[in-house]
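As structure tokens, the structure follows; a few thoughts come after it.
Just so we're clear, the structure is a prediction, and the values are computed from it rather than from any experiment. Here is how names work: the chains are called A, B, and so on, in the same order as the sequence lines, proteins then strands, and each is numbered from 1.
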Amino acid sequence: MKYSELFCPTLREVPSEAETASHQLLLRAGYIRKATAGVYSYLPLANRVLKKVMNIVREEMDRAGGQEVIMPIIQPRELWEQSGRWSVYGDEMFRLTDRHNRGFALGPTHEEIITALVDGDVHSYRDMPLLLYQIQNKYRDEIRPRFGLMRGREFIMKDLYSFDVDNEALEISYRKMYEAYNRIFQRLNLDYRVVEADSGAIGGNESHEFMVLADTGESEIVYCTHCDYAANVEKAVCMLTSEPMTEDMLSLEKINTPGQRTIQDMVEFAGIVPSQQCKTLMYMADDKLIAVLVRGDRELNEIKLKNILGCQNLYMADEHTVREVCGASFGSLGPVGMPVEIYADLEIANLRNFTCGANEDDFHYINVNPGRDFKPRLEADLRNAVAGDACPVCKNRLEMILGIEVGHIFKLGTKYSSAMGATFLDQNGQELPMVMGCYGIGVSRTMAAAVEQKHDDNGIIWPMPIAPFQVIVVPVNANKEDQMVVAEQIYTELQAEGIEVLLDDRDERAGVKFKDADLIGIPVRITIGPKALQDNQVEVKKRWEDEVNRVNIDQVVNAVLTIIRA
RNA sequence: CGGGAUGUGGCUCAGCUUGGUAGAGCGCUUGGUUCGGGACCAAGAGGCCGCAGGUUCAAAUCCUGUCAUCCCGACCA
């Protein structure tokens, strides 16, 4: 491809709307343009990258036994009512109405459609396992679309659904996908980690996320410094490693603390460290008010709480209700004399003589002791993991890192097949619901994540497997015929080797061409300039290194092939 | 949904306080000079100042409404 013919409008300045590296660079380098909040056009370079990502995904899905299909974006309301998600999915689903006033959704995911599809035509254990996937646009009306492609309202996703006869067979499908996903991210050449994850609203029990590591990641991951354990903080098990404190119990005392509401307030007011305080959070769990305790230096993990309670809806209680029941406002609450059930994090029981609100504005208790002064209904792991915690597998130190969730695999079980009546007959003629799994990869997000992870001040640094072009050939001066002749020759030879080459034939100054080449992130640059040309040489430069190598013209193709295959 | 900010040529922004009918840089077009890290000179094209009302002799500027975009938050006391 000749650069002069390429639609690649690069921007010299950073568009004011972009904050993160991937958003800025994809805009500046002419990969994407915004149509409206969270919705983008993909320009030719982006399209090339996306196709490469898709092809790698496709190859690995096919290799694992998947069959590609295309399912509708517009989905009928009835299917979503059957699964129960029409009412559950909420504002995040784009909904529309046709001229007959019938309801539809723009598919945020495809469990309903595919379950209905398979239900119609799969009736026997002989037809399974069945692995179907598609690569397609998905629609989610995000509260706040953010960071360009990272959190869009329209995005490209690969989703595969597995249908099996029982849990054992599902396990095989799940393992296949787990391995396929690892191959995919290895082939994409991205630094990533697989973590244990919560399966969330989509249902099911086992779940893993594939995270591309990047400083701007939205997900916090803890990983063990010694073994393979890694998990999303939402999921990470917090071992109780602290020993129970042994100091003597002092007598409970109520102290006047005018205007002191937060943990930090009490640190400053009374010099009590956060780990000797108790945070009291009030939640409504399916209309029942409860109190939840975590140490003052910890954060409550709502997902763990919800899982332990087994409730449908969990949200923090409003201050009004709390005042009515407890007699105090947020910030002055505590377990002593708490009129509702108390759920405490494991660490609370180990504390002695801690401080908490007195359920009376402007008063706190000091020297509070679990067991003596209050009794929780339940003690459980309810907090978020932090760096320095002990690995639940090998007890070594956990570290924390940020990642971008690009893949997520779930065991769904029979949630959808039961709800929607997708059953089959087994060998014994018994009717059973199919056992399902679902497996997603955010394709457009993967492109953004790659930029987020691999860029420098000058622009994008594409990993070779997904670069829009592998090589860019830059004659320093397009008006010098000797340079252009060599450039065209190298361009042709590389193409003959099946290499994707961009020839920058524009009549621009060298600086402009170098800037653009760096910005759009082509991995290998071949520069044809007057100095090297005198020695029958050209310059070869890798985007991720500063070093420039001179290579004889007749050896350029080999040199490039070596780099590409490395 | 709550809070904050911003909407002025393709991009980045100035002008708004103190109303008088629009500017700069980049980009674009033409000509010339240049030519190894975003050149220079000259001449051009391009905007009813987000939209709708209102105040006024007069509105980018003041008032009201509305839409859009971005940021922070959306319940960790």
Side-chain angles (χ1 to χ4, degrees), chain A residues 9-20 23-24 27-30 33-39 90-92 141-148 151 153 233 259-266 274 277-284 291-305 314-323 326 328-334 345 356-357 359 361 364 382-384 386 457-459 474-480 483 504 506-520 525-533 538-539 541 546 548:
Chain A
T10 57
L11 267 29
R12 202 174 280 232
E13 290 178 86
V14 181
S16 56
E17 67 188 42
E19 287 261 310
T20 55
H23 192 190
Q24 293 183 349
L27 282 168
R28 276 192 62 207
R33 286 292 182 264
K34 183 174 72 173
T36 181
V39 181
D91 296 333
E92 222 169 274
D141 194 359
E142 293 284 347
I143 298 178
R144 182 141 84 91
R146 239 189 278 225
F147 308 143
R151 183 168 296 278
R153 298 197 292 173
V233 280
Q260 309 304 309
R261 293 172 53 87
T262 66
I263 299 292
Q264 191 55 35
D265 284 346
M266 287 302 287
Q277 300 188 43
C278 165
K279 222 185 253 185
T280 307
L281 295 326
M282 305 300 293
Y283 274 87
M284 292 298 293
V292 187
L293 309 181
V294 294
R295 233 167 63 179
D297 57 337
R298 302 302 194 192
E299 289 184 357
L300 175 70
N301 182 321
E302 285 190 13
I303 291 167
K304 288 180 182 175
L305 179 61
L314 180 74
Y315 53 94
M316 295 198 96
D318 64 281
E319 189 144 18
H320 232 71
T321 310
V322 170
R323 176 166 285 283
C326 304
S329 56
F330 295 157
S332 300
L333 300 173
D345 181 66
C356 64
N359 296 324
D361 286 354
H364 278 74
L382 292 176
R383 70 176 174 92
N384 273 341
V386 294
D457 291 344
N458 293 318
V474 182
V476 162
N477 187 333
N479 296 317
K480 294 281 192 282
Q483 290 178 27
D504 196 343
R506 296 175 301 169
D507 183 14
E508 288 284 357
R509 315 190 93 227
V512 172
K513 298 197 215 184
F514 293 151
K515 286 286 183 192
D516 276 336
D518 286 350
L519 183 60
I520 66 179
R525 188 180 83 199
I526 297 171
T527 309
I528 294 112
K531 285 171 268 179
L533 212 50
V538 295
E539 293 165 9
K541 181 180 176 300
D546 289 333
V548 176

Rounded off to whole Å, could you give me the [atom1]-to-[atom2] distance for the [X] and [N] pair?
{"X": "A/Leu300", "N": "B/C75", "atom1": "CG", "atom2": "P", "answer": "12 Å"}
{"X": "A/Leu533", "N": "B/G36", "atom1": "CG", "atom2": "C1'", "answer": "13 Å"}
{"X": "A/Leu519", "N": "B/G37", "atom1": "CG", "atom2": "P", "answer": "17 Å"}
{"X": "A/Phe147", "N": "B/U69", "atom1": "CZ", "atom2": "P", "answer": "17 Å"}
{"X": "A/Arg383", "N": "B/C76", "atom1": "CZ", "atom2": "C1'", "answer": "14 Å"}
{"X": "A/Arg506", "N": "B/C28", "atom1": "CZ", "atom2": "C1'", "answer": "15 Å"}
{"X": "A/Phe330", "N": "B/C76", "atom1": "CZ", "atom2": "C1'", "answer": "11 Å"}
{"X": "A/Lys515", "N": "B/C26", "atom1": "NZ", "atom2": "P", "answer": "17 Å"}

For the side chain of [X] and the backbone of [Y], is there at least one donor-acceptor N/O pair under 3.5 Å apart?
{"X": "A/Lys513", "Y": "A/Pro475", "value": "yes"}
{"X": "A/Asp345", "Y": "A/Leu293", "value": "no"}
{"X": "A/Lys279", "Y": "A/Asp297", "value": "no"}
{"X": "A/Gln483", "Y": "A/Ala478", "value": "no"}

* **Close side-chain approach of A/Asn301 and A/Arg383, heavy atoms under 4.5 Å** => no
* Can you tell if the side chain of A/Val294 reaches within under 4.5 Å of the side chain of A/Leu281, non-hydrogen atoms only? -> yes
* To do: State, without any angle test, whether A/Arg525 and A/Thr527 hold a side-chain donor-acceptor pair at a distance under 3.5 Å.
  => yes
Which nucleotide, [options], lies nearest any side-chain atom of [X]?
{"X": "A/Glu19", "options": "B/C71, B/A39, B/A77", "answer": "B/C71"}
{"X": "A/Asp516", "options": "B/G36, B/C72, B/G38", "answer": "B/G38"}
{"X": "A/Ile143", "options": "B/A77, B/G73, B/C70", "answer": "B/G73"}

In Watson-Crick or G-U wobble terms, both distances under 3.5 Å, what is the partner of [N]?
{"N": "B/G20", "value": "B/C57"}
{"N": "B/C1", "value": "B/G73"}
{"N": "B/G10", "value": "B/C26"}
{"N": "B/A39", "value": "B/U33"}

Under 4.0 Å, heavy atoms only, any strand: does [X] hit a base, just the sugar-phosphate, or nothing?
{"X": "A/Val14", "value": "sugar-phosphate"}
{"X": "A/Lys513", "value": "nothing"}
{"X": "A/Arg33", "value": "nothing"}
{"X": "A/Gln264", "value": "nothing"}
{"X": "A/Arg28", "value": "base"}
{"X": "A/Asp507", "value": "nothing"}
{"X": "A/Pro530", "value": "base"}
{"X": "A/Asn458", "value": "nothing"}
{"X": "A/Ser329", "value": "nothing"}

Span that lies between the [atom1] atom of [M] and that of [N], in whole angstrom:
{"N": "B/A14", "M": "B/A24", "atom1": "C1'", "answer": "7 Å"}
{"N": "B/G7", "M": "B/G54", "atom1": "P", "answer": "24 Å"}
{"N": "B/G50", "M": "B/G10", "atom1": "P", "answer": "13 Å"}
{"N": "B/C76", "M": "B/A60", "atom1": "C1'", "answer": "46 Å"}
{"N": "B/A59", "M": "B/C49", "atom1": "P", "answer": "11 Å"}
{"N": "B/C11", "M": "B/G73", "atom1": "P", "answer": "28 Å"}
{"N": "B/G23", "M": "B/G46", "atom1": "P", "answer": "14 Å"}
{"N": "B/A39", "M": "B/A22", "atom1": "C1'", "answer": "29 Å"}

* Asked: Does the base of B/G36 carry an N or O that pairs as donor and acceptor with the side chain of A/Asn477 under 3.5 Å?
  -> no
* Asked: Ignoring hydrogens and angles, are the base of B/G36 and the side chain of A/Glu539 linked by a donor-acceptor pair under 3.5 Å?
  -> yes
Less than 4.0 angstrom between a side-chain N/O of [X] and OP1 or OP2 of [N], yes or no?
{"X": "A/Ser16", "N": "B/C11", "answer": "no"}
{"X": "A/Thr262", "N": "B/A77", "answer": "no"}
{"X": "A/Arg12", "N": "B/G38", "answer": "no"}
{"X": "A/Lys279", "N": "B/C76", "answer": "no"}
{"X": "A/Arg509", "N": "B/A39", "answer": "yes"}
{"X": "A/Arg144", "N": "B/C72", "answer": "yes"}

* To do: Using a strict 4.0 Å threshold on nitrogen-to-oxygen distance, state whether A/Arg151 and A/Glu142 make a salt bridge.
  => yes
* Run the salt-bridge test on A/Asp516 and A/Arg506 with the 4.0 Å N-O cut-off and return the result as yes or no. => yes
* Structure fact -> The answer to which of A/Gly38 and A/Glu13 contacts RNA chain B further toward the 5' end, by nearest nucleotide, is A/Glu13
* Assign each of A/Val476 and A/Pro15 to its nearest nucleotide of RNA chain B by heavy atoms, then name whichever residue's nucleotide is nearer the 5' end. => A/Pro15
* Does the aromatic ring of A/Phe514 sit over the six-membered base ring of B/G37, closer than 5.5 Å centre to centre and tilted less than 30°? -> no
